[in-house]
Amino acid sequence: MKPLIKKSALLFLTACLFFGVMQLPVYGKNSNVSLQKAKPFILEEATVESIHAAFANKTLTCATLVKSYLDRIKAYDQQGPALHSIITVNPIALSIAAQLDKQYKNSKGRVGSLHCIPIILKDNFNTYDMPTTGGNVAMKDSVPTSDAFTVDKMRKAGAIILAKSNLQEFARGGVSISSLGGQVLNPYDLTRTPGGSSGGTGAAIAANFGVLGTGSDTGQSIRSPASANSLVGVRPTRGLISRGGVIPNSFTQDEIGPIARTVKDAAKLLDVMVGYDPNDPITSFGVGKTPPGYAAGLKANALKGARIGVMTNLYGKEERHAEVNKIMEQAIKTMEAKGATIIRFTLPEYDTLSPIVGTSQWEANSAMEHYFSELGNDAPVKSFKQLVDSKTASPDIQKTLESEIAVQDGLNNQTYKDRTLNRDKLRLAVSSKMASLKLDAILYPLQKVLVAPAGQPDQPERNGTLSNGTGFPAVTFPGGFSAKTASAPLGIPVGAELLGRDYSEPLLLSLAYSFEQAAKTRKAPLSTPALK
């Protein structure tokens, strides 16, 4: 009898294991979701992984998740702290969620890598089912005929486009104010801006209005909100991600990328966004340059043995720089404790070249005309001239648009050609310094001072040109918080940034991930607490 009992028990356990494994959800090739004892799901600070685990253990549905985020937007975006981070909420988000729940049940969990992950899109990303406004009153009813290339990829991966976020109008600036959406406020300090131009996305993701967000970055517009809102932002290598279907500013400087609360979540969205788009030929350079998975390749010990350059001329020396410098020095100590070697250096060429590498002023007219030419006959605004003539933009942006449209044949302008050459000079100077010092990456604060107060027209002393002026990738991540004040009860977030060579995103993300796991600096803002 004893052998029979053992054999029966073995058969029973084998059957349980077989059927259990067969019922496991699969989220793409690199899924690591496994059967675990069910834990209560917590919405605030939720990640792609925690959401998918809750689906797997049946403690959460897509419909419940989406409703919870919609409730937070309703409670905190136009009332309460009134962040003004959202322009449009997807009116059929709950219906889509219900369909995804059915899909999940029918497919036994074998769904896309972003199944039911609510995404906040900056409102310059085209969506076929919602307006794409650029934050402008004249564009409030402009519904493109198709999604942006990357938005289509997100939907195919199972994501829900939950809302479109407010921004600096047409992404022209860094304080995130628009004629349609007003001034976005920083959830950590309601007297300050959230950075920009992707400030609506930054504030929304920081306040837990969604899981993942997108931004566009002509100057530093992904990384500035990441810095100001204790988030992770990725400006990719030029050519890694298509800009197709995104309201442009520049052919040369524009990039788009993810904004998230964790490095792993940013990497998961990057996994979906990358890819060749024939309508954005620059992406041909990225073919064959992507790893099997950005998220799957993260290494918690990446700082061990890494050589990190600290570029000292990207740090301020006055009293107003003291708080940022203090936080950066602590970040450096953390990296050293994890095994990194720190090499301090100065790059004089940056000081000389950085003011004369910008090209957007000469490219904007042509870029905008191309965008409007693809909107179709039913578009409320059919040309860049019609937009400018409407005089609907907020005052500072109206001046910018008028100066851009005044540039005729900008691509043949000698100043433009000189600046294109200067970009190559800066790129060579950075690359040469990294080679001579055997650096894996360069570390610096995204902004030398704390993020600007609301009402200030410009965002001061940002260091984004090191990336936008060279095309090299950069990852911004939470470095820490300034001293607490009455208006900033946790302090004001300060972002650190790592820059590397072309297509070094896997290394940069791993270095940021290694720091994140050691320092654990991210904190949710107190102005948008859990709903009761």
Side-chain angles (χ1 to χ4, degrees), residues 167-168 171-177 184-189 191-203 205-206 215-235 253 257 259 310-332 347 350-351 354-355 358 442-469 474-483 485 487-488 490-499 512 515 521-523 525:
L167 65 158
Q168 179 87 9
R172 265 57 165 189
V175 296
S176 296
I177 189 171
V184 186
L185 298 180
N186 190 311
Y188 292 92
D189 184 343
T191 71
R192 292 180 182 267
T193 70
S197 62
S198 311
T201 300
I205 297 302
S216 62
D217 192 313
T218 304
Q220 44 252 306
S221 292
I222 291 170
R223 299 162 292 144
S224 173
S227 173
N229 293 280
S230 194
L231 300 171
V232 178
V234 181
R235 178 186 167 99
Q253 291 181 229
I259 297 174
V310 172
M311 189 166 158
T312 55
N313 50 323
L314 292 181
Y315 293 70
K317 299 178 181 178
E318 307 297 330
E319 180 59 30
R320 68 181 182 276
H321 305 119
E323 289 214 73
V324 170
N325 289 347
K326 181 180 178 180
I327 290 165
M328 291 302 301
E329 286 301 317
Q330 182 57 53
I332 289 168
L347 188 69
Y350 178 83
D351 297 330
S354 61
I442 299 174
L443 175 71
Y444 49 93
L446 183 279
Q447 190 164 5
K448 297 177 186 177
V449 294
L450 299 179
V451 67
Q456 189 167 312
D458 299 309
Q459 196 65 248
E461 301 192 63
R462 297 187 292 178
N463 289 321
T465 301
L466 191 66
S467 178
N468 75 55
V475 174
T476 304
F477 54 95
F481 287 81
S482 70
T485 66
S487 62
L490 292 176
I492 297 160
V494 171
E497 183 158 297
L498 286 163
L499 176 133
F515 176 85
T521 53
R522 162 75 191 167
K523 299 176 185 176

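Note that the coordinates shown come from a computational prediction; the quantities given were computed from them, not determined experimentally.
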Can you confirm whether [X] sits close enough to [Y] that some side-chain heavy atom of one is under 4.5 Å from a side-chain heavy atom of the other?
| X | Y | value |
| --- | --- | --- |
| Lys448 | Val324 | no |
| Gln220 | Thr476 | no |
| Pro493 | Asn229 | no |
| Val449 | His321 | yes |
| Ile222 | Val234 | no |
| Pro478 | Val232 | yes |
| Val175 | Pro457 | no |
| Ser221 | Gln168 | no |

So, [X] side chain and [Y] main chain: donor-acceptor pair closer than 3.5 Å or not?
| X | Y | result |
| --- | --- | --- |
| Arg522 | Ser230 | yes |
| Gln447 | Pro460 | yes |
| Glu323 | Ala483 | yes |
| Arg462 | Ser224 | no |
| Arg223 | Arg235 | no |

Can you tell me how far apart [atom1] ([X]) and [atom2] ([Y]) are? Round to the nearest 0.5 Å.
| X | Y | atom1 | atom2 | answer |
| --- | --- | --- | --- | --- |
| Ser197 | Leu167 | OG | CG | 6.0 Å |
| Leu185 | Ile177 | CG | CD1 | 10.0 Å |
| Asn468 | Gln253 | CG | CD | 5.0 Å |
| Thr312 | Lys317 | OG1 | NZ | 6.5 Å |
| Thr521 | Phe477 | OG1 | CZ | 8.5 Å |
| Leu466 | Leu347 | CG | CG | 7.5 Å |

Heavy atoms only: give me the nearest [X]-[Y] pair and the separation to one decimal.
| X | Y | answer |
| --- | --- | --- |
| Leu231 | Ile205 | CD2-CG2, 3.9 Å |
| Ile327 | Ser482 | CD1-N, 3.7 Å |
| Ser176 | Gly196 | OG-CA, 3.4 Å |
| Gly202 | Pro225 | CA-CB, 4.1 Å |
| Ala171 | Ser216 | CB-OG, 4.2 Å |
| Gly491 | Tyr188 | O-CB, 4.1 Å |

Problem - side chain to side chain contact (heavy atoms under 4.5 Å, CB included) partners of Ala228, counting only residues at least two apart - result: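 With sequence neighbours excluded, Ala228 shows a side chain to side chain contact (heavy atoms under 4.5 Å, CB included) to Asn186, Val451, given in chain and number order.
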
Handout entry: Contacts of Ser354 that satisfy side chain to side chain contact (heavy atoms under 4.5 Å, CB included) - sequence neighbours left out
Key =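 With neighbours one apart ignored, the set is Tyr350, Thr465.
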
Exercise for the section: Would you sort out whether Met311 and Asn463 count as a side chain to side chain contact (heavy atoms under 4.5 Å, CB included), showing the intermediate values? Expected result: CA-CA 11 Å; Met311 189 166 158; Asn463 289 321; over 6 Å; no

Problem - Gln459 side chain to Thr193 side chain, donor-acceptor N/O pair below 3.5 angstrom - result: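 Yes - a donor-acceptor pair under 3.5 Å links their side chains.
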
